[in-house]
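Everything below concerns the one structure shown next.
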Amino acid sequence: MQRILITGGAGFIGSHLTRLFVNKYPGYKIVNLDALTYAGNLNNLQDIKDAANYTFVKGDITDMALLQQLFEQHQFTGVLHCAAESHVDRSITDPLAFVRTNVLGTATLLQVAKESWKGDYSNKVFYHISTDEVYGSLGETGFFYENTAYDPRSPYSASKASSDHFVRAFYHTYHLPVKISNCSNNYGPFHFPEKLIPLSINNIINNKPLPIYGKGENVRDWLFVEDHARAIDLIYHKGRIGETYNIGGHNEWTNIDLIRELCRQMDIKLGKPEGTSEQLITYVKDRAGHDLRYAIDATKLKDELGWLPSLQFEEGLGKTIDWYLDNRGWLEDVVNGHYKEYYAEQYEK
Ligand code: NAD
Ligand code: DAU
C-alpha cells in the first residue's frame, strides 16, 4: 500500500493534487501536512475532509521533530512536496521567509526522508514540485528545456532554484529516489487572489481598478491547474527516478491580452455592456526585476508519458470565472482580514 505525505496540500495546487490522489487512489493513505499560512485554506478541501484515506496535520516543514514523528508513524512510501512561499511580490518584500520555507524546509524534508528510509529506496519516491521561474527570463523567442541553465532573478525563483539544487544533491550524493517537475503559471479554482487572474476576477466583481504592472507586455504560459495535477500524478507513478520534467500549457499570453480576454468574458457573464470591465485597467509601477517572458517546452513529458494539456485557455478561463462567481463565499472569506492589509501595502501606498 502507498502511504504518501503531501506538503502544502491546503494551498492552490496542493489542494487539487490532494483531491486527485484521495479520490483516484482509495487504497492509498494520504497525509496532508500544511502550516496553514495566509495561503493555506482548509475550505479548499471541504469535499474530501472526511475521506477514509485522508488525514490532515497542521505543521511546518521546517519542524524536523514533527517530520520525523510523521515518517515514523505513517511509514511514508512517497512524498509530494508542494509547500512553499509562492508569490513573487511577497518575496520582494520579505525574501527571508522564502529562504526559510523553500530552502530550509525542503532541505529538512529531504534529510528526514533520507534518515527515515535508511537507504531502503525500493518503491520510494520523493517528488519535488517546482517552477519554470528557475530558468530565468526569455526574450521574444525560445523555450525553457529541462537542460536550460538556471538563472533565477527574484528572491522567490532563487529560493526555488536552491531547493531544486538540494533535491538533485540528495539524489547524486545519497541516491535518494527523487523526481522534479518545473511547471509554468497555473490558473483555476481556489487560486489565492494575490495572483494576477483571481485578483483581477475579484476586482472586476467589486468594480475596482485592474493593476497591470509596467506596460502589460510580459508573457506567461498558462496551464489549467487540474492539468498540472494530472501531470504530477503521471510523473509520480511513471516518471524516471532522478529526472526532471517540464510541464507547460503551450499557451502564451501577454498580461494585457489576457486581462482583455478576462474582461470580455466577465462582461458577458455579469450581463454588462461590452467594454465595461476594460475601463478598470490601470497601468501601475512595474514589478522590480520583472521577468519578461516564460515559455515551457514540455516535449519530454509528451514523448515519455503521453501528457498533453486537456483544455484550451478560453475554455479554462471561462470555467475558472464561473467557479469564482459560484463561490463568492470562498472569495469573501479569503479577501477579509489580512488580505486587505496586503492589498493596501502592495497597491494603494
Ligand atoms: P500556494 O501559496 O497557494 O500554497 C502553498 C501552501 O504551502 C499553502 O497551503 C501554505 O499554507 C503551505 N505552506 C507554506 N509554508 C509552509 C511551511 N513552512 N510548512 C508547511 N506548509 C507551508 O502555492 P501554489 O501556487 O499552490 O504552489 C504550490 C507549489 O507549486 C509551490 O512549490 C510553487 O513553487 C509551485 N508552482 C506554482 C505554480 C503556480 O502557478 N502557482 C507554478 C509552478 C510551480
Ligand atoms: O511561472 C510559474 C510561477 O507563476 C509560479 O512559480 C509562481 O508561484 C506563481 O505565482 C506565478 O508567478 P508570476 O509572477 O508569473 O504570477 P503572478 O500571477 O503574480 O503574475 C503574472 C503576471 O502578471 C506577471 O507578469 C506579473 C503580472 N501582474 C501580477 C499581479 C499580481 C500584474 O501585472 N499585476 C498584478 O497585480
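Both counts, for ligands and for their atoms, begin at 1 and track the order of listing.
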Proximity winner for atom 30 (C) of ligand 2, if only heavy atoms of Y213, F192, F12 are counted: Y213

Heavy atom of K160 under 4.0 Å from ligand 2? no

For atom 8 (O) of ligand 2, find the nearest protein heavy atom and state the residue, atom name and distance (0.1 Å precision). S86 O, 2.7 Å

Presence of salt bridge, E140 and R293, under 4.0 angstrom: no

At a 4.0 Å threshold, what atoms of ligand 2 neighbour a non-hydrogen atom of Y156? 5 (C), 6 (O), 7 (C), 8 (O)

Mark up the atoms of ligand 2 that fall under 4.0 Å of a heavy atom belonging to Y294, in ascending order. 1 (O), 15 (O)

Starting from atom 3 (C) of ligand 2, which protein heavy atom do you reach first, and at what distance in Å? E133 OE2, 2.9 Å

Angle class for the H16/F12 ring planes (parallel below 30°, perpendicular above 60°, tilted otherwise)? perpendicular

Does NZ or CZ of R90 fall inside the cone over Y38's six-membered ring, less than 6.0 Å from its centre and within 45° of the axis? yes

Show which atoms of ligand 2 fall inside a sub-4.0 Å distance from at least one heavy-atom site of H290. 24 (C), 25 (O), 26 (C)

Does R230 pair with D233 as a salt bridge, N-O distance under 4.0 Å? no

Take a 6.0 Å sphere around CD of E315 and say whether it holds more than 12 heavy atoms from other residues, nucleotides or ligands. yes

Look at the aromatic rings of F21 and Y25 and report parallel, tilted or perpendicular, splitting at 30° and 60°. tilted

Within reach of ligand 2, part of K195 (heavy-atom separation under 4.0 Å): both

Would you mind finding which of E217, K215, H191, R287 brings a heavy atom closest to atom 14 (O) of ligand 2? R287

Counting from 1, what ligand 2 atoms have a heavy atom of P211 closer than 4.0 Å? 32 (C), 33 (O), 34 (N), 35 (C), 36 (O)

For ligand 2, which part of D132 has a heavy atom less than 4.0 Å away: the side chain, the backbone, both, or neither? side chain

So, do Y171 and F126 sit near enough that their side-chain heavy atoms are less than 4.5 Å apart? no

V88 and ligand 2 - part of the residue with a heavy-atom distance under 4.0 Å: side chain

Taking only heavy atoms of H87 into account, list the atoms of ligand 2 that are under 4.0 Å away from them. 19 (O)

Residue list, side-chain hydrogen bond (donor to acceptor under 3.5 Å, both in side chains) with S154, at least two apart or on another chain: S157

Between F76 and H74, how do the two ring planes meet: parallel, tilted or perpendicular, split at 30° and 60°? parallel

Using distance alone, decide if ligand 2 has a nitrogen or oxygen within less than 3.5 Å of any nitrogen or oxygen in N255. yes

Charged tip of K300 within 45° of Y245 ring normal and under 6.0 Å: yes

Show the nearest heavy-atom pair for residues A231 and L301, with the distance to one decimal. CB-CD2, 4.0 Å

Per-atom contacts of ligand 2 with E194, taking only distances under 4.0 Å to non-hydrogen atoms: 31 (C)

Atom 18 (O) of ligand 2: the protein heavy-atom neighbour that sits closest, reported with distance to 0.1 Å: L196 N, 2.8 Å

Residues D60, R100: salt bridge by 4.0 Å N-O rule: yes

Please report the shortest heavy-atom distance between I129 and L80, naming the atom on each side. CD1-C, 4.3 Å

Could you tell me whether the side chains of Y150 and D164 share a donor-acceptor contact shorter than 3.5 Å? yes

List the protein residues in contact with ligand 1, where contact means a heavy-atom separation under 4.0 angstrom. G8, A10, G11, F12, I13, D34, A35, L36, T37, A39, G40, G59, D60, I61, C82, A83, A84, S86, T101, I129, S130, T131, Y156, K160, C183, S184, N185, N186

Over 60° means perpendicular and under 30° means parallel, so tell me whether Y347 and Y213 are parallel, tilted or perpendicular. parallel

Contacting atoms of ligand 2, where contact means under 4.0 angstrom from a heavy atom of I212: 33 (O)

So is there a nitrogen or oxygen of N218 less than 3.5 Å from a nitrogen or oxygen in ligand 2? no

Does N185, backbone or side chain, put an N or O under 3.5 Å from an N or O of ligand 2? yes

With a cut-off of 4.0 Å, which atoms of ligand 2 are near a heavy atom of Y347? 30 (C), 31 (C), 35 (C), 36 (O)

Show the nearest heavy-atom pair for residues D34 and G9, with the distance to one decimal. OD2-N, 3.4 Å

